[in-house]
Amino acid sequence: MPASDPTIRVRIAPSPTGPLHIGTARTALFNYLYARHVGGTFVFRLEDTDVARGTAEFERDILEGLHWLGITWDEGPDAAGGGDVGPFGPYRQMQRNASHAAAAARLLADDLAYPCFCTPEELDADRKAQEAAKQPPRYVGRCAHLTAEERDARLAQGRKPATRFRVRPGVVGWNDLIRDRIEIDTANLGGDFVIVRADGTPLYNFVVVVDDAAMEISHVIRGEDHISNTPKQILMCEALGHPVPVFGHLPLILNPDGTKMSKRKSQTAVDDYRGQGFIREGLVNYLAYLGWSPGTQEDVLSLPEVVERFDIGAVQKGGARFDRDRLEWLNGQWIRRLEPDDLVDRLRPFLEAAVADGRIDRLPSDDEIRTLLPIVQERLPTLAAVVDLVGFLWTETVLGDPSILVPKRWDPATTREGLAAARGVLARHDAVTWEADELEPPLRALVDDRDWKAGDLFMAIRVATTGRTATPPLFDTLVALGRERTLARLDAAIDSLGAASPG
RNA sequence: GCCCCCAUCGUCUAGAGGCCUAGGACGCCACCCUUUCAAGGUGGAGAUCAGGGGUUCGAAUCCCCUUGGGGGCACCA
């Protein structure tokens, strides 16, 4: 579509206080989609203000996770670990503290903000009283009109003030990109709010305004849970003399019970989905369709295809529940579309993990994996499913419970007889190459000869050689297993049945 | 308690006044294919468009109310 529109700048500003959250990824994705669709710039800024938690690792997780999804930014920290990229750096909030302090000083000087000496105990008592009186919590304004002498006196006592922003009376409104007009009376904002803590560190709401202005962010696209922050931010923009960006509030991603998605009720870490074998194409496709649709009947779209069709105005207003079934279906769609070599590469880590925790005994070669693809690719809802699907190929013993060896219509004796006969046929088949279409005819002939049902015999062989009742097509499976192991497993099964029913 | 947002099949959604006796997808059921499992194909059940008032010749679509759901009200982000 359009080449570029330098006036449109959007951003994602995650806080590295946890692993990359599905909701953060979705917000990042929609910003990315909007920026790419209109040819604007996508900025990544880290709100690394909370030093208390182990942020370095989470920071890496977020950067890496977004890149894994294919969500790339034009300005911001380098996902590979290099320096910041872009003309508006630094892109880490902590390194912009000087500008935050300057902005706060300016508001203080203009009396658009004031020092507040209230103690946590006082504020807590206020809140409790309001709660008891069934009043909404709000700052009572104790320090709003202190005289210079009163302030000096408190300072002299060594008290450290926080900085509060004066909320002016009136109505603040904006034209939301997805919900049209929203207007909020500032009387409902909870009174003057703190923008700088007593220890001098600035608060999120304030920093965002300063940084967004400095980075010339034109459109702020974020979750619906920020709607009540927006009037405060608009007020601060006005006070600071900054242009007010365009706002767009995305619907939330919900737990299956309809509440805001949470770790408690859902799996929220992108990395967990990745670990379970969801691929980026599936995840991104799914996320894009949570709250948006192209308005056509297309279901499976690549990231570039979504970029092409994306329209921020078509975004849904109501929240969307996370539906894992649909995600799995879409993931399967994308796994089926992968090129063989690509799929082999993506499967390998899951096989390695299975070796590491003992689910399989050895790691198959790339060639082995590639050979299996025709019978495996269309059966994988996730990459991780490969272990359950064909793990029996790389384990020594396969038969856990001999009782599943006996098909419904057969008894143990018949099963033993059937397996023995099949073993004989397959062993004799030594003269011919061990290929799927050569294995089948003689076994069918055997079935006809004994008046058995092909399904019963095949099922007995299937369970004897794989330990499972559901597998890829039998003869392809036997070929993958190889002659030696097939015969050995048949022998083992026959033995186990012999022990169970002597005679 | 207060403020704000939202409301089409179980779920994700199409629908921007007549094309809607509401379409698609996931999931579910049946059948076909078939040695099992998938995949694929075909068909089906599933929404009186939350309810009630308007506006209009005509409303899922516009307005109001009710109800329901959600979000937010920190010296968190």
Side-chain angles (χ1 to χ4, degrees), chain A residues 13-18 47 49-50 116 118-120 123-124 127 130-139 160-164 176 179 182-185 187-191 193-199 201-205 207-208 223-231 249 251-252 254 256 258-260 286 289-300 313-314 316-330 332 336 375-381 385 389 407 440 443-444 447 453-463 466 468-475 477:
Chain A
S15 172
T17 52
E47 309 280 323
T49 180
D50 193 338
C116 172
C118 294
T119 64
L123 296 171
D124 203 48
R127 227 180 330 264
Q130 287 158 345
E131 196 180 329
K134 302 256 185 208
Q135 295 297 311
R138 106 189 305 272
Y139 177 60
K160 295 268 184 269
T163 304
R164 263 183 208 277
D176 198 273
R179 316 164 186 260
I182 298 181
E183 292 187 338
I184 293 175
D185 191 322
N188 296 314
L189 260 29
F193 55 88
V194 174
I195 56 174
V196 181
R197 295 184 184 90
D199 68 4
T201 57
L203 258 49
Y204 163 82
N205 241 339
V207 165
V208 158
E224 186 185 358
D225 49 344
H226 283 282
I227 287 182
S228 53
N229 283 329
T230 302
H249 291 92
L252 262 22
L254 274 20
T259 54
K260 182 179 172 183
Y286 178 72
Y289 273 72
L290 270 189
W292 175 82
S293 116
T296 63
Q297 292 188 168
E298 301 164 298
D299 293 304
V300 184
Q316 202 83 11
K317 296 186 188 78
R321 296 171 205 235
F322 196 88
D323 180 359
R324 201 188 161 94
D325 282 340
R326 200 179 159 82
L327 205 212
E328 282 198 10
W329 173 77
L330 219 30
R336 272 164 238 145
I375 60 172
V376 151
Q377 189 160 12
E378 71 190 22
R379 275 168 248 267
L380 293 175
L389 188 61
E440 186 169 355
L443 286 173
R444 293 232 178 240
V447 162
K453 295 262 193 208
D456 293 331
L457 208 224
F458 292 175
M459 182 54 84
I461 298 174
R462 166 175 295 110
V463 176
T466 68
R468 338 186 96 249
T469 54
T471 69
L474 181 60
F475 303 106
T477 301

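Chain letters run A, B, ... following the sequence lines, proteins first, then strands; residues in each count from 1.
- We find that CD of A/Q297 is positioned 10 Å from P of B/G23, with the value rounded to whole Å.
- With rounding to whole Å, A/F475 atom CZ is found 11 Å from B/U36 atom C1'.
- Separation of the C1' atoms belonging to B/G46 and B/A25 is 14 Å when rounded to the nearest angstrom.
- When each of B/C75, B/A39, B/A77 is scored by its nearest atom to the side-chain atoms of A/Y204, the top-ranked nucleotide is B/A77.
- Distances shown here put every side-chain N or O of A/R164 at or beyond 4.0 Å from the OP1 or OP2 atom of B/A74.
- Base pairing annotation: B/U34 forms no Watson-Crick or G-U wobble pair, as no partner gives both donor-acceptor distances under 3.5 Å.
- Between A/D199 and A/K160, none of the side-chain N atoms (NZ, or NE/NH1/NH2) sits under 4.0 Å from a carboxylate O, so this pair counts as no salt bridge.
- Regarding A/L123, its CG atom lies at a distance of 9 Å from the C1' atom of B/A74, rounded to whole Å.
- Considering CH2 of A/W329 and CG of A/D299, their distance stands at 4.5 Å, rounded to 0.5 Å.
- Looking at A/R197 and A/T201, their side chains do bring a donor and an acceptor atom within 3.5 Å of each other.
- The same atom, C1', is picked in B/G17 and in B/A59; the two are 6 Å apart, to the nearest Å.
- When rounded to the nearest whole Å, the span between CG of A/L389 and C1' of B/A39 equals 12 Å.
- To the nearest angstrom, C1' of B/G70 lies 8 Å from CG of A/L252.
- B/U56 sits 16 Å from B/U61 when the P atoms are compared, rounded to a whole Å.
- Taking atom P in both B/C37 and B/C31, the straight-line distance is 13 Å, to the nearest Å.
- Atom C1' of B/A39 sits at a distance of 24 Å from the matching atom of B/A45, rounded to the whole Å.
- Pair check for B/G58 finds none; no Watson-Crick or G-U wobble contact set falls under 3.5 Å.
- Using a 4.0 Å heavy-atom cutoff across all strands shown, A/R336 reaches sugar-phosphate atoms only and no base atom.
- Counting any heavy atom pair closer than 4.0 Å across all strands shown, A/P473 reaches a base atom.
- Between A/K317 and A/E224, no side-chain nitrogen of the basic residue sits less than 4.0 Å from a carboxylate oxygen of the acidic one, so the salt-bridge criterion is not met.
- Considering only side-chain N and O atoms, A/R324 lies nowhere under 4.0 angstrom from the phosphate OP1 or OP2 of B/G27.
- Between A/R179 and A/H249 the shortest heavy-atom distance is NH2-O, 2.8 Å.
- When the P atom of B/A74 is taken as reference, atom CG of A/L189 falls 11 Å away, rounded to whole Å.
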Query raised in the report: Once each nucleotide of nucleotides 1-18 of chain B is scored for protein heavy atoms under 4.0 Å, what B/S/- sequence comes out, 5' to 3'?
Result: BSSSBS----BBSS----
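- Of the nucleotides present, B/U11 is the one that pairs with B/A25 by Watson-Crick or G-U wobble criteria, both distances under 3.5 Å.
- Nearest-nucleotide positions on RNA chain B for A/A198 and A/D325 put A/D325 closer to the 5' end.
- Under the 3.5 Å distance criterion, the side-chain polar atoms of A/T163 are left unmatched by any main-chain donor or acceptor of A/I195.
- Base engagement by A/H226 is indicated by at least one non-hydrogen atom pair under 4.0 Å involving a base atom.
- Of the listed nucleotides (B/G71, B/U35, B/U36), B/G71 has the atom at the smallest distance from the side chain of A/T259.
- Among the atoms of the strands shown, base atoms are found under 4.0 Å from some heavy atom of A/N229.
- With hydrogens and angles ignored, the 3.5 Å screen pairs a side-chain donor or acceptor of A/R138 with a backbone N or O of A/A187.
- Annotation: B/U21 and B/U48 have their C1' atoms spaced 12 Å apart (nearest Å).
- At least one cation-pi condition fails for A/R326 and A/Y286: the charged atom is not both under 6.0 angstrom from the six-membered ring centre and inside a 45 degree cone around its axis.
- Comparing the C1' positions of B/C64 and B/U55 gives an interatomic distance of 11 Å, to the nearest angstrom.
- Nucleotide B/C73: paired with B/G1 (Watson-Crick or G-U wobble, both distances less than 3.5 Å).
- Between A/R444 and A/E440 a salt bridge is recorded (basic side-chain N to carboxylate O distance below 4.0 Å).
- Going from atom CZ of A/F458 over to atom P of B/U35 covers 8 Å, rounded to whole Å.
- To the nearest angstrom, P of B/A38 lies 13 Å from CG of A/L380.
- B/C6 and B/A50 have their P atoms separated by 15 Å, with the value rounded to a whole Å.
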